[in-house]
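For reference, the structure is listed below as structure tokens.
In listed order, ligands and their atoms are each counted from 1.
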Amino acid sequence: MYLAETEKREVERITKDYPELTVEEAYAIQEELIQLKLWDGNSIIGPKMGLTSRAKMKQMNVEEPIYGYIFEDMIVPNGGSIRMNELIHPKVEAEIAFVLGEDIEGPGVTKEQVLEAVAELIPVLEVIDSRYENFSFTLPDVIADNASSSSRVVLGEKVKKPDDFKLDEARVSLMINGEVKERGTGAAVVGHPANSAAMLANMLSRKKQKLAAGGIILTGGVTGAVIFAAGRPRFSTSRRAGRCIIFGQAIT
Ligand code: OOG
Ligand code: MG
């Protein structure tokens, strides 16, 4: 998996050879992958949730979203550019991230507890890039692949948590070169992005981990993921071949 990422090539899904792979074993593989990245000098920015939309969960036949980790080398400055030749078959999606003001420790964490602990919100563009051929995987496969992340993340400007915010009603649009490609509302993320963070805290508590104050959490795609590719000028603001600037996140 790590070689697939560093050499930018697709691999066959693990469950082709190991159809019995369990979710638990898949998280053990993810853990190994994370250790390799840490040994390579990379550092963790924070966890991310995936498969949080009802549609994706139904499609994958799962009751619980999955998590993975965002690393420092995935961060692209806001307004920055991405080299397409460093990626396999990227898709981009809009997400809402939280910055925590207090620790959150499961089990039993509720949405209300999360809302209380959140200090700031960040609009995020996540570039997902599954290492599997044609983005084709089962649930254990995608967990083992760090939830398709390990790609690129653009963090927008932090917003202080408003006093009376209804994040489930927040409208998000994903634009590429000024053209709206996808729209969604916060409710698309398991009813409310804070539910997603609560589920994450509860899942992490199974391995005795908590969400620490100051940490960033990506709560999962609000919009569908949009394929973007080099050589398709409508997706590119830069005329330089192989480069693409992504922008256009808006939270209202
Ligand atoms: C899995 C990861 C999805 C999200 O926000 O749902 C994800 C996939 O490749 O769909 O990051
Ligand atoms: Mg995502």
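- The Mg ion (ligand 2) sits nearest to atom OE1 when only the N, O or S atoms of Glu126 are considered.
- Ring-plane geometry between Tyr67 and Tyr69 is classed as perpendicular, the angle between the planes exceeding 60 degrees on a 0 to 90 degree scale with a lower cut at 30.
- Taking CZ of Arg131 as the reference point, atom CG of Asp141 lies at 12.5 Å (rounded to 0.5 Å).
- Ile88 and Ile70 fall into different hydrophobic clusters, where Ile, Leu, Val, Met, Phe, Trp and Tyr residues are linked whenever their side-chain heavy atoms come under 4.5 Å apart, directly or through other members.
- Centred on the Mg ion (ligand 2), the angle running from Glu95 (OE2) to Glu93 (OE2) is recorded as 100°, rounding to 10°.
- Comment: Lys48 does not engage Glu95 in a salt bridge, judged by the lack of any side-chain N to carboxylate O separation of less than 4.0 angstrom.
- The 12-atom threshold is exceeded at NZ of Lys207, counting heavy atoms of other residues, nucleotides or ligands nearer than 6.0 Å.
- The closest side-chain donor-acceptor pair between Asn202 and Ser205, if any, does not fall under 3.5 angstrom.
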What short N/O contacts, under 3.5 Å, does ligand 1 make with the protein, listed by atom pair and distance?
{"from": "ligand 1", "atom 1": "5 (O)", "to": "Glu93", "atom 2": "OE2", "distance (Å)": "2.7"}
{"from": "ligand 1", "atom 1": "5 (O)", "to": "Glu95", "atom 2": "OE2", "distance (Å)": "2.9"}
{"from": "ligand 1", "atom 1": "5 (O)", "to": "Gly221", "atom 2": "N", "distance (Å)": "2.8"}
{"from": "ligand 1", "atom 1": "6 (O)", "to": "Leu51", "atom 2": "N", "distance (Å)": "2.9"}
{"from": "ligand 1", "atom 1": "6 (O)", "to": "Lys56", "atom 2": "NZ", "distance (Å)": "3.2"}
{"from": "ligand 1", "atom 1": "9 (O)", "to": "Ser148", "atom 2": "OG", "distance (Å)": "2.7"}
{"from": "ligand 1", "atom 1": "10 (O)", "to": "Lys56", "atom 2": "NZ", "distance (Å)": "3.1"}
{"from": "ligand 1", "atom 1": "11 (O)", "to": "Lys48", "atom 2": "NZ", "distance (Å)": "2.7"}
{"from": "ligand 1", "atom 1": "11 (O)", "to": "Glu93", "atom 2": "OE2", "distance (Å)": "3.0"}
{"from": "ligand 1", "atom 1": "11 (O)", "to": "Glu126", "atom 2": "OE1", "distance (Å)": "3.1"}

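- Between Arg13 and Glu133, the closest side-chain pair of non-hydrogen atoms is not below 4.5 Å.
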